Amino acid sequence: MALVWENFEAGVIVGFATGGAALLYVLVLLRSVLSHPVKPDDSEKSARMVEIAGHIQAGAKAFLNTEYLYLSAFVVVVAILIGLSPYLEDDVDKEQGWNTAINFVVGAFLSGLAGYVGMFTAVRANVRTTTAATEGLNPALKVAFKSGTVMGLTVVSFGILGLSTNLSIFKDPTVLAGFGFGASSIALFARVGGGIFTKAADVGADLCGKVANDLEEDDPRNPAVIADNVGDNVGDVAGMGADLFESYVGSIIACLTLAEGKATVDSVVDQDLLTAYTTIPFIIAGGGIVCSVVGTLFVSVKDGANMNGLLWALRRGLLVASVLVIVLTIAACHILVGSGYWKESDALEVGGCVVIGLFSGLLIGFATEYCTSFEYEPVKSIANAGRHGHAPVIIQGMGVGMLSTVVPVIVVIIAILSCTALSGLYGVGIAGVGMLSTLGITLATDAYGPVADNAGGIAEMAELEPHVRENTDALDALGNTTAATGKGFAIGSAVLTAVALMASFIYTSQIGNSGIDIMDDVVIPGVLIGAMLPFVFAALTMLSVRSGAHDIMDEVKAQFAKRAENMDTWVPDHERCVAIATKSAIGEMLLPGALAVLVPVSVGFALGAKALAGLLVGSISSGFLLAVTMANAGGAWDNAKKYVEAGSIPGHPKKSDLHKATVTGDTVGDPFKDTSGPSLNILIKLMSVVSLVFAPVFPSKPYEDLVVGLILLAVLLLLVIIGITMKSKKAHSYSKLDEVEMS
């Protein structure tokens, strides 16, 4: 590799400076959040608020500690395998394997730490947001949004500092694929495990509470409501943080990997061009952190604002940050031209790709908002479908979810075609960096949602005054929309990152030198395997939610039976439900995770690198569409229920037949939008980065390492058989829950 330290020295300095500044600002924000009072007064209700928040904190900490304990063992085993993998081939540098393994461990650690910091802040900001909601809407928004900003800036600061540190130590960008692999692995397990926890608790709480016993959503008598609120933090905060951490570092890694090929002119690497192409990703990513911080200062809202006013409060900050990134890009490209590293045409091409990526992210976000906010017709149509029963709500929601794929697909197609025309596949990678440059504020608008949701739950369980719940409900409804928008953004950025990583894999494995024939006997089978995987993965996670929800319902049913026997002294055992959800999530996340890692490696060894390239094409294509469909359908079902609960359909209040129909849609949509859908974008990135990590040892021709591939495939099949057998036995052992069945 022609890269030397001087090529990326300037980028590393930018990374250290901006990442360090962001980390200092995180500490300032965290101190600000924690300085807000935890209760408005010394009343009994205020004491109850603090007690409930303590239960949520303890539950979230217990889950993440248990999850990270299991993941630590996984990280150690995989790191050893990565270190030993070069010994399968004689012509592969053995030291590079261990350097990649070290990067894997660092990437996994920082990904997990970013999620933990976000969770730590969120579970302390929730009760403070409730307290602020007693004063008004804007104070509550400020507290919740600050906590989300802590998550957003933690992710970007850890990401750019981690990459800069590893580059300065190893001085070799090729080993950074291990950093991305570590981040992807933790992201997948955090998203799947957290998603199963939160939706098993949510579905179980809804069916036993709202459906069977006609209780409110956060009724304190429901033993599963604490687990439900815990799930908001471990799934939507820690999981989303780890997810976008991986996208953020993955896009930069792809640019560094593709830079040499882009800087090669007539088979000779131009060192000035190479320096420019390796420096600009750090300038855009690091400068985007500063722009995001400025954007957060523009987020505020007036008391009594409607949904549109709340949406514009967050849009304003995002748009300010985006405009500043464009100005930064123009300035950075001009400086590189003036310094003699680039020609004017090179700067225009790369700068154009950054702007395309940035606008693509905004367009996908706005399209997702249109499909999932009850300000617009798609969600209203789902709510009105409930006039005719439960089934029309499901049908309409699925239709909306499927149609919602059109705009994101068109946007990504235009982005890929435009960027490759301007700057080749490197252009796709730098477009991903551009899209994620405002991640500090984009993630803040998403991570604030679970805090607002928790704040509403605390207000309900503590039986605070109606105006407090009105303020938290307004923020919660906004959070549902921004969460859906954040998932759309995450999926769009995942596709660009996965395409860039796939290009890096093809470049590193050198299978693209002679071209890849689509009619090659192993390419089409690879495509079909890849297209199948997102459906299998989504099915496994959906079934896991179903299984976990049944465990929760069994427990709640047993506790309600004890309550009927002794109404005076009965107290709901929230800790038991948290423990059940934790056990279910940890056990159920292993099989999908193993599938994501072992399948691409098995195909790579058994059928060769070209078949693996086909697998990546198939998984990106079907995974993108399925993820958008599930995430948007789930978000639309959720907000259709909230649209009815807001009294927007005259004659159909809460607990009416129409409302019950939308509750069905919301319950079906829970695992769609918070478990399966969001996990798919990590799946396609993880398989791409796994392919890149093992690219040096995959054979270029089919069947050369067939034995290794078959051994890995046998291990995978054994895990699948064990997993399916256990699920089948568990399904037959469920107790009958007649009282929670809908009529």
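Source: prediction; values computed, not measured.
- Taking a 6.0 Å sphere around CZ of Phe16, one finds it holds more than 12 heavy atoms contributed by other residues, nucleotides or ligands.
- Expressed to the nearest 0.5 Å, how far CG of Asp243 lies from NZ of Lys685 amounts to 4.0 Å.
- Checked against the 6.0 Å centroid threshold, Phe245 and Phe158 do not count as a close aromatic pair.
- With Ile620 as reference, Val495 is the one residue of Leu501, Asn681, Val495, Leu683 to meet the side chain to side chain contact (heavy atoms under 4.5 Å, CB included) rule.
- Nearest heavy-atom pair, Gly357 versus Met435, reported as atom, atom and distance to 0.1 Å: O-CB, 3.3 Å.
- The distance from atom CG of Leu153 to atom NZ of Lys146, rounded to the nearest 0.5 Å, is 13.0 Å.
- Judged by distance alone, with hydrogens and angles left aside, the side-chain atoms of Thr257 form a donor-acceptor pair with the main-chain N or O of Ile253 at under 3.5 Å.
- Looking at Asn233, Leu475, Asp232 one by one, the single match for side chain to side chain contact (heavy atoms under 4.5 Å, CB included) with Asp453 turns out to be Asp232.
- The aromatic rings of Phe672 and Trp637 lie perpendicular to each other, with more than 60° between the two planes, well past the 30° mark.
- A salt bridge does not link Asp473 with Lys642: none of the charged nitrogens is closer than 4.0 Å to a carboxylate oxygen.
- Looking at heavy atoms from C-beta onward, Ile441 lies out of side-chain contact with Phe298 at the 4.5 angstrom threshold.
- A donor-acceptor pair under 3.5 Å links the side-chain atoms of Ser157 to the main chain of Thr154, judged by distance alone.
- In this structure, the separation between CD1 on Ile684 and CE on Met502 is 10.5 Å, given to the nearest 0.5 Å.
- You'll find the side chain of Thr445 reaches within 4.5 Å of the side chain of Phe145, heavy atoms only.
- Contact annotation: the side chain of Thr438 never approaches that of Cys291 to less than 4.5 Å [non-hydrogen atoms, C-beta and beyond].
- The shortest heavy-atom contact between Ala114 and Val155 is CB-CG2, 4.2 Å.
- In this structure, the side chain of Arg316 engages the main chain of Ser300 through a donor-acceptor pair within 3.5 Å.
- Here the shortest heavy-atom pairing between Phe282 and Ser164 reads CE2-OG, 3.8 Å.
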Begin with the C-alpha distance, continue with both residues' side-chain angles, and end with the deciding distance and a verdict on side-chain hydrogen bond (donor to acceptor under 3.5 Å, both in side chains) for Thr629 and Thr405.
CA-CA 6 Å; Thr629 296; Thr405 62; 5.1 Å; no

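- Between the side chain of Ser373 and the backbone N or O of Tyr370 there is no donor-acceptor pair closer than 3.5 Å.
- From Leu336, atom CG reaches atom NZ of Lys343 across 15.5 Å, with rounding to the nearest 0.5 Å.
- Side-chain contact between Trp342 and Leu348 is absent, with no heavy atoms from C-beta onward closer than 4.5 Å.
- When atom types are taken as modelled, the side chain of Lys673 and the backbone of Pro678 share no donor-acceptor pair closer than 3.5 angstrom.
- Between Val33 and Ala125 the shortest heavy-atom distance is CG1-CB, 3.8 Å.
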Between Val354 and Val433, is the side-chain contact (heavy atoms from CB on, under 4.5 Å) condition met? List the steps.
CA-CA 7 Å; Val354 172; Val433 174; over 6 Å; no

Could you give me the CA-CA distance, side-chain angles and deciding distance for Tyr277 and Tyr341, then say whether side-chain contact (heavy atoms from CB on, under 4.5 Å) is met?
CA-CA 9 Å; Tyr277 286 126; Tyr341 291 106; over 6 Å; no

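- With a 6.0 Å radius and a threshold of 12 heavy atoms from other residues, nucleotides or ligands, Tyr25 has its OH atom above the threshold.
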Step by step, work out the side-chain contact (heavy atoms from CB on, under 4.5 Å) result for Phe179 and Leu110.
CA-CA 9 Å; Phe179 187 91; Leu110 289 178; 3.9 Å; yes

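- Expressed to the nearest 0.5 Å, how far OG of Ser676 lies from CG of Asp670 amounts to 11.5 Å.
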Please report the C-alpha distance between Leu314 and Val299 in whole Å, then the side-chain angles of each, then the deciding distance to 0.1 Å, and finally whether the side-chain contact (heavy atoms from CB on, under 4.5 Å) criterion is met.
CA-CA 6 Å; Leu314 299 183; Val299 176; 3.6 Å; yes

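- Remark: the backbone N or O of Ala494 is not paired with any side-chain donor or acceptor of Thr497 at under 3.5 angstrom.
- For the residue pair Ser622 and Pro534, the shortest heavy atom distance occurs at OG-CG, 3.2 Å.
- With hydrogens and angles disregarded, a donor-acceptor distance shorter than 3.5 Å links the side chain of Asn471 to the backbone of Ala133.
- Side chain of Tyr426 to main chain of Val350: no donor-acceptor pair is present (N/O by atom type, distance under 3.5 Å, no hydrogens or angles).
- The structure places CG of Leu496 at 12.5 Å from CD1 of Ile491, a figure rounded to the nearest 0.5 Å.
- Of the possible polar contacts, none joining the Ser32 side chain to the Val28 backbone as a donor-acceptor pair under 3.5 Å is found.
- Shown are Val412, Thr442, Leu436, Ile364; of these, the side chain to side chain contact (heavy atoms under 4.5 Å, CB included) with Ser493 is made only by Leu436.
- Under a 3.5 Å cut-off, the side chain of Ser437 and the backbone N or O of Gly434 do form a donor-acceptor pair.
- For the pair Val192 and Ser679, the tightest heavy-atom approach, listed with the atom from each and the gap, is CG2-OG, 3.6 Å.
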